[in-house]
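Here is how names work: the chains are called A, B, and so on, in the same order as the sequence lines, proteins then strands, and each is numbered from 1.
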Amino acid sequence: SAVISQKPSRDICQRGTSLTIQCQVDSQVTMMFWYRQQPGQSLTLIATANQGSEATYESGFVIDKFPISRPNLTFSTLTVSNMSPEDSSIYLCSVDVGSGRAATPEQYFGPGTRLTVT
Amino acid sequence: AQSVTQPDIHITVSEGASLELRCNYSYGATPYLFWYVQSPGQGLQLLLKYFSGDTLVQGIKGFEAEFKRSQSSFNLRKPSVHWSDAAEYFCAVGGTDKLIFGTGTRLQVFP
């Protein structure tokens, strides 16, 4: 398993501003993921962040809006840029700690960052 | 296309009653299947996972799930629900690159 922390836990921001969310994990992991959970909805993958390479974005998400950094194997940041009320969501990071020779996936999630844009 | 369907948006059960949450998936290869639980204001906690082998898998908190390939299903069960089980439950399917989540089932437990 993995213990994951996120900062901030919540924030209220004005439209047009940017917020950077931090994700810290207690062990070295190769694969980290950023998800968005809009109010009352399921989780949607924003991007995959592997250390040493550029983040891979899912359809509908672009780097200019959601720049991601992955400076080492225990840390990542997601920035929500030029925010609008539609960006109000919970943002969660996760890590894959798949183990064994089969390298089966096993994702653990952080507690989330609840963002409200006014 | 890869997808997960959780047909039940909201389920209400009495404490002590049995529970079954449904999950159907569409996936091109042999899937990895997961159930997560999200309590209010919390992140997601992994309940159990299926990769291969025994189709009945045991998880934490007394939950189990059964993989049925012929029905493309991975239903979650618990023989006796506790009030603390009230939460949102998500089924997910995927591989080593990403997970696809269902829309979730909200479980309400009455005393």
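The parts of Lys98(B) that come within reach of chain A are both its backbone and its side chain, each placing non-hydrogen atoms under 4.5 angstrom from that chain. Contacts of Arg114(A) with chain B are made by side-chain atoms alone, with heavy-atom separations under 4.5 Å and no backbone atom involved. Heavy atoms closer than 4.5 Å to chain B are found nowhere in Gln6(A), neither backbone nor side chain.
In this structure, Leu44(B) CG and Ser94(A) OG are separated by 9.0 Å, a value rounded to the nearest 0.5 Å. Leu45(A) contributes atom CG, which lies 9.5 Å from atom CD1 of Ile100(B) (distance to the nearest 0.5 angstrom). Put simply, OH on Tyr108(A) and CD on Gln45(B) are 9.5 Å apart, with the number rounded to the nearest 0.5 Å. With values rounded to the nearest 0.5 angstrom, Gln42(B) atom CD is found 10.0 Å from Ile90(A) atom CD1. Taking CD of Gln38(B) as the start and CG of Leu92(A) as the end, the distance is 6.5 Å to the nearest 0.5 Å.
For CD of Gln58(B), the number of neighbouring non-hydrogen atoms (other residues, nucleotides, ligands) closer than 6.0 Å is greater than 12. The environment of CD in Glu20(B) is crowded: more than 12 heavy-atom neighbours from other residues, nucleotides or ligands sit within 6.0 Å. Leu56(B) CG: more than 12 foreign heavy atoms inside a 6.0 Å radius.
Distance alone, capped at 3.5 Å, is enough to place a donor-acceptor pair between the Ser42(A) side chain and the Gly102(B) backbone.
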With side-chain contact (heavy atoms from CB on, under 4.5 Å) as the test, would you mind laying out the steps for Gln37(A) and Phe90(B) before giving the verdict? CA-CA 12 Å; Gln37(A) 185 178 24; Phe90(B) 293 96; 3.5 Å; yes

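Here the closest heavy-atom approach between residue Gln107(A) and residue Tyr36(B) is recorded as O-OH, 2.6 Å.
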